[in-house]
Amino acid sequence: MRTGSDRDDGQVDRRAQAVLAEVFPGRRDQFHLLAEMQAPEWLFITCSDSRVVPDLILGTGPGDLFITRNAGNVVPITSNDVDGVTATIDTQWRC
């Protein structure tokens, strides 16, 4: 596991630049469509653990899942509970 002292601060930037240069051009139309709207078929509620990667686990891609993450996969019991998960469910799935 990396610690703050041995972290490569430029690694994330290099990966982002590689996606822009290598992935985006071949999928430009898809990303432009997703920028205009999203219509995922599935809501995926998962914990905020960095080891959980829904798209990798399910073999999905951009726009396939609407993902909400929180500590412990907590979903409110009643609709009177107002939090981010409730807002996500109400906004995405009850429209």
List the residues meeting side chain to side chain contact (heavy atoms under 4.5 Å, CB included) with Val52, not counting sequence neighbours, and say none if there are none.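 By the side chain to side chain contact (heavy atoms under 4.5 Å, CB included) rule, Val52 matches Thr46, Cys47, Asp49, Pro54, Ile57, Arg69.
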
Only counting residues at least two apart or in another chain, list the ones meeting side chain to side chain contact (heavy atoms under 4.5 Å, CB included) with Gln17.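 If we apply the side chain to side chain contact (heavy atoms under 4.5 Å, CB included) test to Gln17, skipping adjacent residues, the hits are Leu20.
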
Mind checking the [atom1]-[atom2] spacing from [X] to [Y]? Nearest 0.5 Å is all I need.
{"X": "Gln30", "Y": "Phe24", "atom1": "CD", "atom2": "CZ", "result": "10.0 Å"}
{"X": "Asp64", "Y": "Phe44", "atom1": "CG", "atom2": "CZ", "result": "12.5 Å"}
{"X": "Leu65", "Y": "Leu43", "atom1": "CG", "atom2": "CG", "result": "9.0 Å"}
{"X": "Asp55", "Y": "Thr60", "atom1": "CG", "atom2": "OG1", "result": "3.5 Å"}
{"X": "Leu34", "Y": "Arg27", "atom1": "CG", "atom2": "CZ", "result": "9.0 Å"}

Treat each ILVMFWY residue as a node, draw an edge where side-chain heavy atoms are under 4.5 Å apart, and state whether Phe31 and Leu33 are in one component.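 No: no chain of side-chain contacts under 4.5 Å links Phe31 to Leu33.
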
